[in-house]
Amino acid sequence: MEIVRTRRELLQYITSKKGGAFLVPTMGYLHEGHLSLVRMARKDAAKNGSVVASIFVNPAQFNDPKDLEAYPRDETRDVSLLKRAGSDVAFIPPISEIYPAVDLAERTTVRAGKVANRWEGAHRPGHFDGVATVVAKLFNIVMPDVAYFGEKDWQQCKVIEQMVRDLDFPLELRFGKTVREADGLAMSSRNALLRPEMRVRAASLFRILCDAAKAFKEGAEPRRIEDGTKFALSSAGFSSVDYVAVVDEESLEPAERMLDARILAAATIGGVRLIDNVRV
Ligand code: AMP
């Protein structure tokens, strides 16, 4: 596996290979969730194509500087995990390579579409614009045939899908299922920041979301489910709940019917903000 740090080196690599590029964008501190996407890319790329996994902690998508500073990093470990999962290239650019102009206000950026407005978008101002901008840049740098994202960040999948449609990126998107720990907690780089006691309690997020999905299937009214779920999360030890939302999984507007619904939630425990979602 090659480690590439500049756009120029990456272009050289991509243009020297036949078979196209298969891109897995990440912020590093990798776990099985990321690696499942790399393996999916490896399968699709077969022998001919190149799997490119990027590691870039994108400052533009952090609305809280403390969150950015605390974000866990371990490049050596990430590189060895990527190698084992079958990546051909680890693209690990320094910030100056992605954002040569320092002043954010002077840059051209992508404004994410309507699906970004609610939920994560409403609670993290500028977050999805930052995500869309860096993903658009990675698409232009890597020029992938296929790009891979995880359902764990469902709204992000939909934001990128809308961007690809609206801005005519010539590529295919594939979404991987959420990979979970044995107790159900969705894998996330931020889980490493949880102290043991809170880590145990954090698993209740998934269980409570599954209960909510069951209640919806049994005919309970969505707004009542949302209120009940918020209460259950607080009782389980979450210090704050940003949102619980029963939504249509394509539009992300509040859902009234069961077909194609998803339940999204964001809540904080032990100072760590977690997000998760389940399909009804
Ligand atoms: P991140 O490094 O958190 O930006 O995540 C990089 C990619 O991995 C995104 O597309 C995420 O949705 C995906 N991802 C993160 N956690 C998981 C998980 N537990 N299961 C599946 N995909 C995940």
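In each ligand, atom 1 is the first atom listed, and ligand 1 is the first ligand listed. The structure displayed is predicted, hence computed values, not measured ones.
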Nearest protein heavy-atom contact for [atom]: which residue, which atom, what distance?
| atom | result |
| --- | --- |
| atom 22 (N) of ligand 1 | G150 CA, 3.5 Å |
| atom 20 (N) of ligand 1 | V179 N, 2.8 Å |
| atom 12 (O) of ligand 1 | D153 OD2, 2.6 Å |
| atom 7 (C) of ligand 1 | P25 O, 3.6 Å |
| atom 4 (O) of ligand 1 | M27 CG, 3.5 Å |
| atom 8 (O) of ligand 1 | H34 CD2, 3.4 Å |

Note to self: Within the structure, is a non-hydrogen atom of R180 found at a distance of less than 4.0 Å from ligand 1?
What the structure shows: no
Check: Has C157 got any heavy atom lying under 4.0 angstrom from an atom of ligand 1?
Finding: no
Note to self: Once you restrict to heavy atoms under 4.0 Å, what part of L37 touches ligand 1? Side chain, backbone, both or neither.
What the structure shows: side chain
Checklist line | K152 contact mode with ligand 1 (heavy-atom cut-off under 4.0 Å) | finding: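 Looking at K152 and ligand 1, just side chain atoms fall under 4.0 Å.
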Check: When you look at CZ of R195, are more than 12 heavy atoms from neighbouring residues, nucleotides or ligands closer to it than 6.0 Å?
Finding: no
Check: Should we count CZ of R73 as having more than 12 external heavy atoms under 6.0 Å?
Finding: yes
Note to self: Under 3.5 Å, is there a donor on one side chain and an acceptor on the other for Y13 and D88?
What the structure shows: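 The answer is no; no qualifying pair exists.
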Check: Is there a donor-acceptor contact under 3.5 Å linking the side chains of E9 and T6?
Finding: yes
Notebook entry, point to check: Between R262, K152, R180, which is the residue that forms a salt bridge (charged side-chain N to carboxylate O under 4.0 Å, His left out) with D276?
Noted result: R180
Item checked: Verdict with supporting geometry, V142 and V89, side-chain contact (heavy atoms from CB on, under 4.5 Å) -> CA-CA 11 Å; V142 179; V89 180; over 6 Å; no
Notebook entry, point to check: So between Q156, K177, H31, whose heavy atom ends up nearest atom 16 (N) of ligand 1?
Noted result: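 Checking each option, the heavy atom nearest atom 16 (N) of ligand 1 is found in H31.
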Margin query: Only heavy atoms of T178, strictly under 4.0 Å: list the atoms of ligand 1 that pass.
Written below: 20 (N), 21 (C)
Next item on the list: Pull out every atom of ligand 1 sitting under 4.0 Å from any heavy atom of M187, numbered as shown with elements.
Entry: 16 (N), 17 (C), 18 (C), 19 (N)
Next item on the list: May I ask you to decide if the ring planes of H123 and Y243 are parallel, tilted or perpendicular, using 30° and 60° as cut-offs?
Entry: tilted
Notebook entry, point to check: Under 30°, 30 to 60°, or over 60°: which ring-plane class applies to Y99 and F56, parallel, tilted or perpendicular?
Noted result: tilted
Margin query: Let's go through I92 and V79 carefully: what are the C-alpha distance in whole Å and the side-chain angles of both, what is the deciding distance for side-chain contact (heavy atoms from CB on, under 4.5 Å) to 0.1 Å, and is it a yes or a no?
Written below: CA-CA 10 Å; I92 314 180; V79 165; 3.9 Å; yes
Margin query: Does ligand 1 come near enough to F149 that some N or O of the ligand is less than 3.5 Å from an N or O of the residue?
Written below: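 No; the residue has no nitrogen or oxygen that sits under 3.5 Å from a nitrogen or oxygen of the ligand.
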